[in-house]
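Report on the structure given below.
These values consider heavy atoms only, across backbone and side chains, with no hydrogens, waters or symmetry-generated copies.
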Amino acid sequence: MTHRTLFNVVRGLLIALLVWFGVPVAQGAGLLIAEDGFGGVLEIEEHSARVTIDNGIAVTEVTQVFRNTERRAVEALYTFPVPKGASVAGFTMWIEGKEMVGEVLEKERAREIYNSYKRVRRDPGLLEQVDYKTFEMRIFPIAAGAEQRVQVTYYQELDADAGWATYVYPLATVSRPGVDARVHGRFALDLDVRSEIPIVELDSPSHGSDVVVAYPSAHFAQASLEAAGGDLSRDLVLAFKVERPRTGFDLVTSRPDGEDGYFQLSLTAGEELAEQVGGMDYVFVLDVSGSMGEEGKLSLSRQSLAAFIEALGENDRFEVMSFNLAPTALFQRLEAVEEGSLGQANRFLGERRARGGTRLQPAMEAAYRYKAADRPLNVVVLSDGMSAQSERTQLLQLIGQRPAGTRVFSIGVGNEVDRPLLEQLAEDAGGLAAFVSRGADFERQARAFQQKLTRPAATDLELSFAGGDLYDIEPARLPSLYYGKPLRIYGRYRGGGPVTLRLSGVVGGEMLDKELQIELPEYPGGRPEIERMWAWHRVRSLQKEADRKGSRDTVVDEIVRLGEDFSIVTEYTSFLVLENDAEYQRWQIERRNDRRLGRDRQRQAEIRAELESLRQRAASGIGPVDPAAKEAAPTQIAARRDVASAVPNPSSPPATSERKGWDLDVGGGALDPLTVFVLVLLVGAGGWALRQRPSEGPW
């Protein structure tokens, strides 16, 4: 047994004993435990998060203060999962009262440097990615009785579900009821949302009125939750809705001084694609393997699946299939949607139990056999994706062999989810992946996902550019477009100026072929957060293509380069914090992230300054002031749509700013205007907790 394996066994036994005796153990929000010897859990003195969402990209800064309650110096190991689609891009420690920003290095080199400091009992910190969802942070030494302040920053883009965006902050921390899950000191979360598309509503499905919401203007919203001894037993879920008067094409750019620029486009289907299509066939594939018995995942899946089957149309047909090592089908054929078949489906689902291993491949092969020549087939997989790693390449190859007219949709259930696998299965099959988060609005998510399956999509999409010297476009091949699900396109450009976009594809059986001219700025400035998101998508693209071929050996060097250049932690790169600038110089480590983090923080400070200006304007309308001025204050939700005209918006960019928008009017029979580009980068971050107690709602 290796030292690493022995430690994991000891740590698991220790946690089990602590839980058994009622000692608070913070698992989902992060577990900090002394690694050397049997050790103990370090107390969380303070836990705060600052979230800035700028046009769909969320930057989350998590600051925590831990106290070593032992009578000896320890090395602490902090383990935490990350939300769906998140990129860890910052790791900071306070050493002797000074903030030291970490830098990203090749993983083995970072570990080697970290261990060299341990031998002389100096102050390093190391943050590594363990697998597709879990990160570990090591801190050494934490003196007896001492406090240690750390900060982790991660970036993620939020998708749109019919205009609703859901941000999930992981707070579920215990695996069994009755265990204390509170911060000993202060817990706080502050969220600022900025959107070029007007914000019409913001709420918290999980914490309700405990979350205070304000609307300084039509384009800004705020939410705040603060408590002494914060309850960490529920994820904090925040959802906001945006409305755009017309569909259109939006562009966001960023250009560092002396470097090539970055751009972001969004493609979304307007209400023109909201019409229902004719009858379709569905095969629902439910994972009933042993891992689905954890966290109430099977119960959650049964309820989700039953709700969707109930919503099928009268011209639809369906089959229900469960699988672990082998698939089990209910009808052995496609059945019409009627009272008898719905009753049988509900009984079948209620009898399923979680047990055995996971083999998705035989179930997918069986589902493909239901394809009829004259009707589209949708295969909907509900699973945590915990399939054997050796099966990944076979599954991806199987997706490529699906019958024509077949799409695969993946619904990831629970927090222990193989998100990359489920996303790639759906994307390669022209479908979509969604992830269930407890505490979210179940009916809202179910309706939004149903719209994607039952409403028409734009297929065979191609986007080309003329002018501007654009390169490294991600994704290189556009997936299908679904109602309520925007497509995002990232890329680099060398020269500014006019660029002609040409979009072609098939919508509702009709050809689409349109051109539009945009302008790329030549000057430095813009929104630096899109730079990391471009690099993150680039890394994912490299990994996916390598996984299709069965080996990542040819892409590791490029992933390491991107990780170091853009300060992104991957399976092959890690964050390292050293105690002062001289130590970075000694190891010849360039301070890339120190500079990049400075630019990012400056941008976030500008957003907060805009908000402060709007707050002051709103406050000026309170009290004994001129009635006309008071009427103009944007203090009521009903007035939010009028704020943009009543109060000048200081966040509105000038004509040559990093954000531009155009309406796109496309003719085409019954779909007029057709598909459009918009900037709506919003959605479901998925649960981040390792363990959660079952929620009272079905989702």
Salt-bridge present (Arg601, Glu99; N to O < 4.0 Å)
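Salt bridge: yes.
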
Does Glu108 come within less than 4.0 Å of Arg111, counting only side-chain N to carboxylate O?
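No, Glu108 and Arg111 are not salt-bridged.
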
Sole residue of Tyr155, Trp536, Trp534 in ring pair (Phe, Tyr, Trp, His ring centres under 6.0 Å) with Phe566:
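Of the listed options, the one satisfying the test is Trp534.
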
Does any part of the side chain of [Y], heavy atoms only, come nearer than 4.5 Å to the side chain of [X], both counted from C-beta?
| X | Y | answer |
| --- | --- | --- |
| Val59 | Arg603 | no |
| Leu487 | Leu461 | yes |
| Phe91 | Ser567 | no |
| Arg527 | Tyr262 | no |
| Arg595 | Arg599 | no |
| Phe465 | Leu501 | yes |
| Met100 | Asp581 | yes |
| Arg149 | Thr63 | yes |

Consider only side-chain N and O atoms of [X] and [Y], and report whether a donor and an acceptor are under 3.5 Å apart.
| X | Y | result |
| --- | --- | --- |
| Thr52 | Gln604 | no |
| Tyr471 | Asp260 | yes |
| Gln264 | His537 | no |

Please identify each residue that fulfils side chain to side chain contact (heavy atoms under 4.5 Å, CB included) with Pro475, with sequence neighbours left out.
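Checked Pro475 against side chain to side chain contact (heavy atoms under 4.5 Å, CB included); matches are Leu478, Pro479.
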
Taking salt bridge (Lys or Arg N to Asp or Glu O under 4.0 Å) as the test, write out the residues that go with Lys544, two or more places apart.
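Partners of Lys544 by the salt bridge (Lys or Arg N to Asp or Glu O under 4.0 Å) criterion, ordered by chain and then number, come out as Glu427.
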
With Arg561, which residues qualify under salt bridge (Lys or Arg N to Asp or Glu O under 4.0 Å), at least two apart?
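With neighbours one apart ignored, the set is Glu558, Asp565.
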
Using 30° and 60° as the class boundaries, would you call the ring planes of Tyr117 and Trp587 parallel, tilted or perpendicular?
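It falls in the tilted class, 30° to 60°.
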
Do Arg138 and Tyr114 meet the cation-pi criteria used here (NZ or CZ under 6.0 Å from the six-membered ring centre, within 45° of the axis)?
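Not satisfied by the 6.0 Å and 45° rule.
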
Heavy-atom donor-acceptor pair, Ser87 side chain to Ala89 backbone, under 3.5 Å
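Not at all, since once roles are kept as given, no pair shorter than 3.5 Å links the two residues.
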
